[in-house]
Each structure stands twice: as C-alpha cells, then as structure tokens.
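Quick notes on the structure that follows.
Positions are given from 1, in the same order as the sequence printed here.
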Amino acid sequence: PMILVSGWLGYRNVAALQDEQDRHADNLAANIMQAVDTELVAHIHAVQLLAGYPMLGDPDHWQEFYRHAQTFIETYNAHLIVTNAEPPLRMLLNTRVPWGTVLPMHPVPKGRSAALTAIETGKPAVGDLTFGPVARSEVVAIGVPVKRAGAVRYVLVATYTVGQFRERLETFAVPPGWSFSLR
C-alpha cells in the first residue's frame, strides 16, 4: 500500500508541475502573440495611410511616391511593393531595388496571399511566409488595397524579412529548453 500511495503522490506532484508549466507556456504565448499583433496593427495602419496617398493612384507619380516611401523604410524597417490588382500579379514598384528596375512577378505563397486577400476582401491582410524573389529571403507581407473610385486598382504591400521577426521575438525571455515559432 505504501508503494501505491507514494506512486500516486508522485504522479500528482508531477501532474501539478506540468499544469503549472502549461499555464506559464500559455501566458508566455499569449504575451508574445499580443506583442506581435500590436506591432502588425501599427504597421497595417501605416500602410493604409500610404495607400491613401493620391499620387499612388497615378503611375505617373510613382517615382515621387518611391522617394516618399524611403521614410517608411527607415521608420518601419520594411520595404514597399505596388502590384496590379488583376491576376497574375506583377510588381510595378519595389523599394528594395532602384527606381525603374525591371521587376519579377509578385510571389504567391502556398497558403494565404496578403495581396490576393486584400484584393478579394478590399481590406488589409497579412499573408503566409513566402520567398521574396527581390528580397532573396523569406518574407511576411501585409497587403493593403489601393482603392480609387470605390474599386481596388492596386495593392500596396509591405514586406518584412523573417529575420526582423526573429529579432523581435528574441527580446522575450523564455525558460531554458523552451522554444516558440511564429505561424
């Protein structure tokens, strides 16, 4: 009987420790998600503001917009892409390269596309991780529709490298042996 009681008490102690660890993990994950969400919302609002610039609706003024976009790059550490709103999506402007550079097609991730979702819904969207052909690395994109006369004419996309998110996530203290990933 003593062995059974000892085993049962040991099991309860381990289960209580596991429950405490699970609660700690849930709280840590919630804090990380909140921080990432808050940062993304701030970036979405900034991209929405840029999407409303009158010069963005007229390709003749995109070089001027390109120059104004440099401030966004410095402030938000993200680059901007303008794409057409009709598939197949083509990059028309990309701040990662000099003005006038010939650009490739806009990448379409295997999962959710920020640009296509923004076109379909008429609202800002965050896409799944994809390889950026100009960035030459994996990027996360925020797509915001550029509407003129009530119709989506273009999509303004802000791209962030995975390294930028990694740097942000590394500011969180996690217990030894723990890890987390952004999905």
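Taking 4.5 Å as the limit, every side-chain heavy atom of Val82 sits out of range of all side-chain heavy atoms of Val155. In this structure, Ile81 and Thr159 have side chains that are in contact, with non-hydrogen atoms separated by less than 4.5 Å. A 4.5 Å side-chain heavy-atom check between Leu56 and Leu156 finds at least one atom pair inside the cut-off. Between Glu138 and Thr130 the shortest side-chain heavy-atom distance does not fall below 4.5 Å. Between Leu116 and Pro87, some side-chain heavy-atom pair lies under the 4.5 Å cut-off.
Of the possible polar contacts, one joining the Asn84 side chain to the Arg90 backbone as a donor-acceptor pair under 3.5 Å is found. Checking side-chain atoms of Thr95 against main-chain N and O of Leu80 turns up a donor-acceptor pair under 3.5 Å.
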Legend entry - side-chain hydrogen bond (donor to acceptor under 3.5 Å, both in side chains) evaluation trace for His106 with Thr83: CA-CA 7 Å; His106 188 82; Thr83 69; 5.1 Å; no
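The local environment of CZ in Arg153 is sparse, with at most 12 non-hydrogen atoms from other residues, nucleotides or ligands closer than 6.0 Å. Within 6.0 Å of atom CD in Glu64, more than 12 heavy atoms from other residues, nucleotides or ligands are found, so the atom counts as buried in its surroundings.
The NE2 atom of His45 lies 13.5 Å from the CG atom of Leu50; values are rounded to the nearest 0.5 Å. Note that the CG atom of Asp58 and the NE2 atom of His61 stand 4.5 Å from one another [nearest 0.5 Å]. Considering OG1 of Thr117 and CZ of Arg112, their distance stands at 4.5 Å, rounded to 0.5 Å. With rounding to the nearest 0.5 Å, the separation of CD in Gln63 from NE2 in His68 is 11.5 Å. Atom OG of Ser113 and atom CD1 of Ile119 lie 7.5 Å apart (nearest 0.5 Å). The NZ atom of Lys147 sits 8.5 Å away from the NZ atom of Lys123 when rounded to the nearest 0.5 Å.
Ala125 and Ala118 get closest at one heavy-atom pair: CB-N, 4.1 Å. Nearest heavy atoms, Val140 versus Gly127: CG1-O, 4.0 Å. Taking each heavy atom of Gln48 and Pro124 in turn, the nearest pair found is NE2-CG, 3.3 Å. The shortest non-hydrogen separation linking Leu129 to Pro109 is O-CB, 3.9 Å. Residues Leu103 and Leu93 share a closest heavy-atom pair of CD1-N, 3.5 Å. Annotation for Ala85 and Val152: closest pair CB-O, 3.5 Å, computed over non-hydrogen atoms.
The aromatic ring centroids of Trp62 and Tyr154 lie less than 6.0 Å from each other. The six-membered or imidazole ring of Tyr160 lies near that of His43, with a centre-to-centre distance under 6.0 Å.
One hydrophobic cluster, built from ILVMFWY side chains closer than 4.5 Å, cannot hold both Val146 and Leu89; they sit in different ones. Residue Ile142 is not grouped with residue Leu49 when hydrophobic side chains (ILVMFWY) are merged at heavy-atom distances under 4.5 angstrom, including chains of intermediate members. A continuous path of Ile, Leu, Val, Met, Phe, Trp and Tyr side chains, each step under 4.5 Å between heavy atoms, connects Val126 with Tyr76, placing both in one hydrophobic cluster. Tyr66 and Met91 fall into different hydrophobic clusters, where Ile, Leu, Val, Met, Phe, Trp and Tyr are joined by side-chain heavy atoms under 4.5 Å apart, directly or via other members. No continuous path of ILVMFWY side-chain contacts below 4.5 Å connects Val139 to Leu40, so the two sit in separate hydrophobic clusters.
Using a 3.5 Å distance cut-off with no hydrogens or angles, the side chains of Arg96 and Thr101 do not pair a donor with an acceptor.
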